[in-house]
Peer 1: 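This structure is in structure tokens; I'll ask about it shortly.
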Amino acid sequence: ELAAASLRLSENAAKLGRYYVLFPMGEEDRARVVQAAAGTPGVRVSCEGEGRHRRVVFKPDAPTPLPKQTLPDYDDEDEDEGDAA
């Protein structure tokens with residue numbers, strides 16, 4: 001199940017252009033994840049960090065930036081009209 005999940009995650013990283021990180025897990029599990037996802041085109045899988053902060057990183061070859069989020073446009077005049085009525 002871990003190998004299948006890591007393969008799906010690597011495919012999504014390549015398809016969507018997003019970085020993913022798996023943290024924390026044991027040494028054997030990290031090795032399983034890297035082996036399962038190693039053959040996926042468009043993504044590189046590696047282990048980074050030291051000690052208990054070691055993690056598996058899925059790096060897409062073509063990262064996609066996240067869309068900019070906009071805040072709602074609040075208009076003070078509309079709020080004042082509602083209070084006056």
Side-chain angles (χ1 to χ4, degrees):
E1 289 182 28
L2 181 61
S6 61
L7 180 60
R8 284 193 307 270
L9 190 60
S10 66
E11 290 169 349
N12 283 339
K15 178 181 166 186
L16 302 174
R18 302 281 188 244
Y19 285 83
Y20 293 103
V21 176
L22 296 178
F23 175 81
M25 62 176 46
E27 184 178 343
E28 293 175 4
D29 290 336
R30 279 194 304 270
R32 281 190 200 107
V33 169
V34 171
Q35 275 185 330
T40 306
V43 68
R44 290 173 288 146
V45 182
S46 62
C47 294
E48 296 179 355
E50 295 180 8
R52 67 181 205 166
H53 298 290
R54 196 134 172 96
R55 59 205 171 268
V56 179
V57 181
F58 295 81
K59 299 176 188 176
D61 291 341
T64 304
L66 291 173
K68 291 185 178 180
Q69 295 181 352
T70 59
L71 295 174
D73 185 26
Y74 293 111
D75 191 7
D76 293 335
E77 293 175 14
D78 289 342
E79 290 177 12
D80 292 340
E81 289 176 10
D83 293 339

Peer 1: Could you tell me which non-hydrogen atom of V43 sits nearest to which non-hydrogen atom of D61, and how far apart they are?
Peer 2: N-OD2, 3.9 Å
Peer 1: Under 3.5 Å, side-chain donor or acceptor atoms of residues 7-23 against the rest of the protein: list the pairs with distances, not counting sequence neighbours.
Peer 2:
residue: S10; atom: OG; partner: S6; partner atom: O; Å: 3.4
residue: S10; atom: OG; partner: L7; partner atom: O; Å: 2.8
residue: S10; atom: OG; partner: T40; partner atom: OG1; Å: 2.9
residue: R18; atom: NH1; partner: T64; partner atom: O; Å: 2.7

Peer 1: Could you pull out the closest heavy-atom pair between C47 and V34, with the gap in Å?
Peer 2: SG-CG2, 3.8 Å
Peer 1: Is a side-chain N or O of R30 found less than 3.5 angstrom from the main chain of M25, in a donor-acceptor match?
Peer 2: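 Checked: pair present.
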Peer 1: Can you find a pair of side-chain heavy atoms, one from K59 and one from E48, that are under 4.5 Å apart?
Peer 2: yes
